[in-house]
Structure formats: structure tokens, C-alpha cells
Number of protein chains: 2
Amino acid sequence: MAVNLRPVQALQLWQQIALAEVRDDAPDLTLRQTAILLTIYLEPPPHTVRGLAAHLGVTKPVITRALDTMGRMGLVSRHRDQNDRRNVLVKRTVEGALHVERFGDLIIAKAAELPL
Amino acid sequence: MAVNLRPVQALQLWQQIALAEVRDDAPDLTLRQTAILLTIYLEPPPHTVRGLAAHLGVTKPVITRALDTMGRMGLVSRHRDQNDRRNVLVKRTVEGALHVERFGDLIIAKAAELPL
DNA sequence: GTTGAATGATACGGCTCCGAAACGAATTGG
DNA sequence: CCAATTCGTTTCGGAGCCGTATCATTCAAC
């Protein structure tokens with residue numbers, strides 16, 4: 001069964017999640033950072049800077065900077081590829097997995113609260 | 001029937017929408033701007049700077065600046081309240097309504113594409 | 001009136017992000 | 001080997017957003 005939403009439900013879902021994130025004290029990830037983080041955690045590895053840049057349709061420095069920021073937050077880690085030392089492999093972290101999991105729970109909770 | 005999502009579905013939904021927005025050429029709204037815009041379009045008026053600030057749990061300058069930006073984009077408009085000229089009433093625009101509507105359609109489309 | 005409160009806007013310094021260009025390191029191909 | 005390519009990073013100037021503090025305007029109370 002596909003997930004069917006009515007227009008107002010769809011917008012209310014997004015509103016409620018955005019509100020929850022804004023009200024939360026934790027620093028917000030940008031839309032791009034969110035897209036990168038979820039790609040890393042939902043799609044099969046390996047993940048490289050170049051691959052992520054192509055996937056998002058952005059330039060490489062955008063990925064480098066986002067990985068800098070999320071690396072400082074402990075959400076992802078970087079390692080040189082030992083087979084081709086030009087590559088950087090982006091890996092998941094325990095803290096990042098927890099963050100993503102909590103975010104999924106938030107979406108589920110807000111979806112369940114939607115009026116009919 | 002409530003909207004039930006499984007964890008991976010919830011995260012994939014968010015990922016697909018974030019990806020679509022990032023790939024789009026249009027400038028991204030920040031999370032706060034999004035929350036403000038959806039609040040204006042989903043909740044009954046009147047909307048004031050102070051009311052929106054309280055609703056989001058942020059300071060008033062955040063709202064003023066977001067309204068500046070979204071006003072330049074044509075997504076909202078501001079008008080002095082003639083009953084109490086200290087207040088500013090935030091109003092919807094045709095362009096903003098179209099933007100919100102398109103965004104709702106995007107969510108619905110991505111939700112319908114989710115794997116089971 | 002005049003004082004005090006309320007509302008929204010503005011000024012300031014700081015931080016992050018952006019795109020384009022240039023860069024160093026590593027690999028490939030002749 | 002050595003030039004050309006690939007990959008990720010860094011640099012640069014510019015732009016946007018942030019929180020705090022302050023401001024002008026308007027209203028309310030006395």
C-alpha cells in the first residue's frame with residue numbers, strides 16, 4: 001500500500017516537523033546537509049565527495065564544507081581510500097546513526113498525529 | 001485512518017524531498033523561513049510578528065528578517081493593522097500560495113513513490 | 001498630558017555558507 | 001619517466017543569518 005497524503009496533510013506534516021526542529025535547541029542542519037546526511041545513511045556505501053556532489057547536483061566544495069561541519073558535530077567521519085588514495089570515503093558514526101534514527105522517529109510521530 | 005510510516009520510509013521521504021529541493025535551482029528557504037511560511041498559510045489569521053515569534057520560539061528579529069526575505073521573494077506581504085497601528089499583519093500572496101501548493105504536491109508525489 | 005508598556009524595525013559584531021578559481025596529492029597513459 | 005587527468009581541499013570576496021541591544025512609533029493608564 002502506497003503512502004497517500006492529502007494536500008493539507010502533506011503541508012501540515014512538513015510544518016509540524018519544521019516547527020519541532022526550530023523549537024529544538026540543537027543547531028539546525030541546512031537542507032543540503034540534511035540531504036547529504038540522509039544519503040549517507042540510506043544509500044549503500046561507498047560514498048565519496050565526488051559521488052555525493054553529483055548526487056545532489058552541487059559543487060564539490062559544498063560537500064567538503066558540509067562534511068567539515070557534520071564531522072565536527074560527530075555525525076560523519078572521513079577516511080582515505082587505501083586502494084585509490086585520491087578518494088575520501090565518508091562513513092557513518094554511532095552518533096550520526098542515533099541522530100538519523102531520532103529524526104525518523106520524529107517524522108513518524110508527526111505523521112501519526114495528522115488529522116484525517 | 002492515521003498516516004503510518006515505517007522508519008526507513010519516513011527517512012526516505014525526507015531524503016527525497018530534500019534532494020528535490022536542493023537540485024532545484026530556486027533558492028532554498030531556511031528551516032525557519034519554511035516554518036513561518038507554512039504557519040502563515042496553514043493557520044488562521046491574523047498573523048503578527050510577535051505571534052509568529054512566540055509560535056516558533058524565536059526572537060522577533062528572526063521573524064522580521066525572514067519576512068524581509070520572503071517579502072522580497074513575493075511569498076508574503078505586510079500591512080499595518082489599522083485598529084492598532086503598532087501591529088503588522090502578515091498576509092498571504094498569490095505567489096506564496098502557489099509556492100506552498102507546489103510544495104505540497106512535491107511531498108505527495110514523493111510519498112506515493114515510497115517503497116513498501 | 002505624561003508616563004509606561006508594547007510592537008516591530010534596526011544596528012552591530014560574529015559566524016556560516018556560497019560559487020569560482022586555484023592548489024597539492026595521487027593516479028593514469030603513453 | 002613525464003604530461004595529463006582526477007580527486008578533494010583551500011582560498012577569496014560576497015552574501016545571508018544569528019542573538020543582543022537599542023530605537024521609533026503607537027497605544028493605554030492615570
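Below, chains carry the letters A, B, ... as their sequence lines are ordered, and counting in each starts from 1.
- With a 6.0 Å radius and a threshold of 12 heavy atoms from other residues, nucleotides or ligands, A:Arg92 has its CZ atom above the threshold.
- Checking D:dG8, C:dT10, D:dT5 against every side-chain atom of A:Arg86, the shortest atom distance belongs to D:dT5.
- The A:Lys60 side chain lies nearest to D:dT9 when the options are D:dT20, D:dT26, D:dT9.
- Put simply, B:Thr64 has no side-chain N or O that comes within less than 4.0 Å of OP1 or OP2 on C:dG8.
- Between B:Thr69 and D:dG16 there is no side-chain polar atom (N or O) within less than 4.0 angstrom of OP1 or OP2.
- Regarding contacts with the backbone of D:dT25, every side-chain N or O of B:Arg80 stays at 4.0 angstrom or more from both OP1 and OP2.
- Both B:Leu89 and A:Arg85 sit near DNA chain C, but only B:Leu89 has its closest nucleotide nearer the 5' end.
- Taking CG of B:Asn87 as the start and CG of B:Leu89 as the end, the distance is 6.5 Å to the nearest 0.5 Å.
- One donor-acceptor pair, N or O on each side, does fall under 3.5 Å between the base of C:dG19 and the side chain of A:Arg65.
- Criterion: ILVMFWY side-chain heavy atoms under 4.5 Å apart, direct or through other members. Under it, A:Leu11 and B:Met73 are part of a common hydrophobic cluster.
- Within the 4.0 Å cut-off from OP1 or OP2 of D:dG19, at least one side-chain nitrogen or oxygen of B:Arg32 is found.
- Within the 4.0 Å cut-off from OP1 or OP2 of D:dG16, not a single side-chain nitrogen or oxygen of B:Gln33 is found.
- The separation between B:Leu31 atom CG and D:dC18 atom P is 10 Å, rounded to whole Å.
- Note: B:Trp14 and A:Phe103 have perpendicular aromatic rings, judged against thresholds of 30 and 60 degrees for the angle between ring planes.
- No continuous path of ILVMFWY side-chain contacts below 4.5 Å connects A:Tyr41 to B:Val8, so the two sit in separate hydrophobic clusters.
- Proximity of B:Asn87 to the phosphate of D:dT26: no side-chain N or O atom is located under 4.0 Å from OP1 or OP2.
- The side chain of A:Thr30 has C:dC17 as its nearest neighbour among C:dA9, D:dT20, C:dC17.
- Here the nucleotide nearest the side chain of B:Pro61, chosen from C:dT27, D:dT20, D:dT9, is D:dT20.
- Of the listed nucleotides (D:dC17, C:dG8, D:dT9), D:dT9 has the atom at the smallest distance from the side chain of A:Arg78.
- Which of D:dC7, D:dC18, C:dT10 sits closest to the side chain of B:Val62 comes down to D:dC18.
- The residue among A:Asp81 and B:Val49 whose nearest nucleotide of DNA chain C lies closer to the 5′ end is B:Val49.
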